Amino acid sequence: MRLSRYFMPTLKEDPKEAQIASHRLMLRAGMIQQSSAGIYSWLPLGNRVLKNIERIVREEQDRAGALEILMPTIQPADLWRESGRYDDYGKEMLRIVDRHDRDMLYGPTNEEQVTDIFRSHVNSYKDLPLNLYHIQWKFRDEVRPRFGVMRGREFLMKDAYSFDLDYEGAKIAYNTMFVAYLKTYARLGLQAIPLRADTGPIGGDLSHEFIILADTGESEVFYHKDILNLKTPEGDHTPEELQALVDEWTSYYAAADEMHDADNCGVAEGDLVARRGIEVGHIFHFGEKYSKAMGATVMGPDGKEITVSMGSYGIGVSRLVGGIIEACHDEAGIVWPEEVAPFKVGLINLKSGDEACDAACEDFYAKLQAAGIEVLYDDTSDRAGGKFAKMDLIGVPYQVTIGPRGLKTGVVEFKTRKSGEKEEITPEAALNRLVG
RNA sequence: CGGGGCAUAGCACAGCCUGGUAGUGCGCUCGCUUUGGGAGCGAGAGGUCGCAAGUUCGAAUCUUGCUGCCCCGACCA
């Protein structure tokens with residue numbers, strides 16, 4: 001992409017409404033534009049990151065055997081009356097009346113909708129287990145939206161729903177998602193920690209929050225330091241292996257402040273770490289809560305009706321954009337993990353209009369494109385300083401700078417954003433690093 | 001939902017107290033000079049001062065009401 005043809009309205013100064021780093025940087029990098037409190041438009045740069053995260057989440061869900069569907073944003077109130085949540089949910093639910101005076105709502109989540117799909121089409125134990133997911137916009141009318149996309153009212157979320165014959169089956173579904181989440185966050189370049197979560201009035205022992213560490217996180221977390229040394233699982237797993245993995249990851253103490261019991265946590269003082277975290281996922285086994293209320297049953301092998309056992313598994317996709325920035329930024333701007341970066345390479349032409357510079361940049365640009373590398377080529381006539389600052393701000397992992405001075409000796413500058421390391425190497429060497 | 005704050009050019013702000021024809025910096029356009037880490041000089045464009053009433057000869061400025069946004073807390077993917 002040529003910057004001269006791109007739409008990336010960056011700001012040199014901080015907008016005053018943005019207080020925390022991710023919000024400030026997203027606005028400055030021209031990733032988003034606020035529409036109203038907690039509601040944002042995604043501009044090209046932000047949209048690319050959002051799609052990258054979405055893609056990784058999707059791939060890991062698919063690999064875990066979940067099936068992608070797409071449910072509507074607007075749901076009929078009647079479904080929610082069946083589960084009893086229409087009255088329970090309160091003002092966070094955005095309620096809408098259509099022209100025929102029917103009560104509708106903008107979905108804050110989709111348990112009722114997916115249970116309705118299930119009961120309409122699944123009738124036999126032979127069709128289980130089943131896990132359906134979608135990646136769709138949700139709306140929760142937060143009293144006080146804040147922190148940019150991290151606590152918006154409209155947000156993009158992956159939510160999966162599992163259906164099983166019994167608790168044992170549901171536990172396998174739960175463990176499958178647990179492990180898939182570990183893999184997903186690792187691919188996003190994040191160190192995620194599963195916390196035992198409060199299951200609330202539903203009870204049960206199967207609920208975990210996944211948090212990422214960031215100094216600006218909204219809640220305090222306490223964990224055994226060794227949990228950060230655990231290796232992310234790879235490949236496929238039998239149910240027994242899944243259980244062993246979950247047991248291993250949950251054997252270390254990890255809890256949010258409201259669940260933390262300083263006196264009885266059983267962790268030596270020197271091993272206990274207290275930091276702040278951002279919740280980026282939540283998995284939940286809730287059994288028959290919705291299936292019972294809404295009549296989601298299948299016929300068992302013995303001819304008796306079985307009420308299915310369910311769980312739900314969420315990942316805040318749009319929240320992750322902000323969350324990743326909170327975890328990955330410095331004074332100069334964003335430092336994207338490579339997998340989610342909007343572009344892998346920023347190519348800087350230090351002197352647009354100079355014949356040799358233009359030719360060298362065009363050649364380099366064409367070769368990167370031919371190799372399928374996503375590159376943002378700053379071909380504008382801006383000054384050098386501005387170009388460097390902009391690339392630092394938007395956080396592309398690698399910068400290649402081509403200018404008259406280097407060309408005389410046949411070198412370009414290769415900068416790694418994360419370390420800040422700069423090297424003078426030949427264009428061929430730079431190309432090999434990026435393509436290899 | 002309790003408490004607090006803000007609203008003036010695309011962005012950040014001054015002007016308001018003490019009413020009298022709208023300012024600064026950045027950004028944008030044009031010219032010249034510059035050119036290796038957000039340049040300099042010059043010339044421009046751009047604003048019904050959030051909205052509505054009121055006071056006044058006259059309101060960005062004073063009064064009242066409304067709306068929007070932000071922050072702290074309670075609450076949450």
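Letters A, B, ... mirror the listed sequences (proteins, then strands); counts begin at 1. If you're wondering where the values come from, they're calculated on a predicted model, not measured in any experiment.
Remark: Arg140(A) does not engage Glu154(A) in a salt bridge, criterion side-chain N to carboxylate O under 4.0 Å. Salt bridge Glu220(A)/Arg275(A): absent, no basic N to carboxylate O contact under 4.0 Å. The pair Arg276(A)-Asp215(A) does not count as a salt bridge, with every side-chain nitrogen at least 4.0 angstrom from each carboxylate oxygen.
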Close N/O contacts between protein and nucleotides 67-73 of chain B (under 3.5 Å):
unit_1	atom_1	unit_2	atom_2	d
rC69(B)	OP1	Ala37(A)	N	2.8
rC69(B)	O3'	Gln34(A)	NE2	3.3
rC70(B)	OP1	Gln34(A)	NE2	3.3
rC70(B)	O3'	Glu17(A)	O	3.4
rC72(B)	OP2	Arg144(A)	NH2	2.3
rG73(B)	N7	Arg144(A)	NH1	3.4

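Checked against the 6.0 Å centroid criterion, the rings of Phe147(A) and His23(A) do not qualify as a close aromatic pair. Two rings, from His208(A) and Phe178(A), have their centers less than 6.0 Å apart. Aromatic ring centres of Trp137(A) and Phe155(A): separated by at least 6.0 Å.
Annotation: of the two residues near RNA chain B, Arg28(A) and Gly281(A), the 5′-most nearest-nucleotide partner is Arg28(A).
A side chain to side chain donor-acceptor pair (under 3.5 Å) with Asn349(A) is found for one member of Asp379(A), Thr380(A), Asp378(A), Asp358(A) and no other, namely Asp358(A).
Using a 4.0 Å heavy-atom criterion, one finds that Lys138(A) contacts no nucleic acid atom at all. Among the protein residues, Gly152(A) comes within range of the nucleic acid bases, having at least one heavy atom under 4.0 Å from a base atom. Nucleic acid contact for Gly403(A): base, since at least one base atom lies under 4.0 Å from a heavy atom of the residue. At a threshold of 4.0 angstrom between heavy atoms, the contacts of Lys158(A) with the nucleic acid are absent. Residue Pro108(A) is classed as having no contact, given no heavy-atom separation below 4.0 Å to the nucleic acid.
When distances run from any side-chain atom of Leu393(A) to the nucleotides rC75(B), rG38(B), rG25(B), the shortest one goes to rG38(B). Distances were taken from every side-chain heavy atom of His282(A) (C-beta onward) to each of rA77(B), rC1(B), rG37(B); the shortest belongs to rA77(B). When the nucleotides rC26(B), rC1(B), rG36(B) are ranked by their closest atom to the side chain of Lys91(A), rC1(B) comes out on top. Of the candidates rG37(B), rC26(B), rC75(B), the closest approach to any side-chain atom of Lys12(A) belongs to rC26(B).
With hydrogens and angles ignored, a donor-acceptor pair under 3.5 angstrom links the side chain of Asp392(A) to the base of rG37(B).
Aromatic stacking is not marked for Phe388(A) over rG36(B), as the cut-offs of 5.5 Å for the centres and 30° for the planes do not both hold.
Between Lys351(A) atom NZ and rU34(B) atom C1' there is a gap of 10 Å when expressed in whole angstrom units.
In this model, the phosphate group of rA39(B) is approached by a side-chain N or O of Arg383(A) to a distance below 4.0 Å at OP1 or OP2.
Separating the C1' atom of rG23(B) from that of rC66(B) is a span of 29 Å, rounded to the nearest Å.
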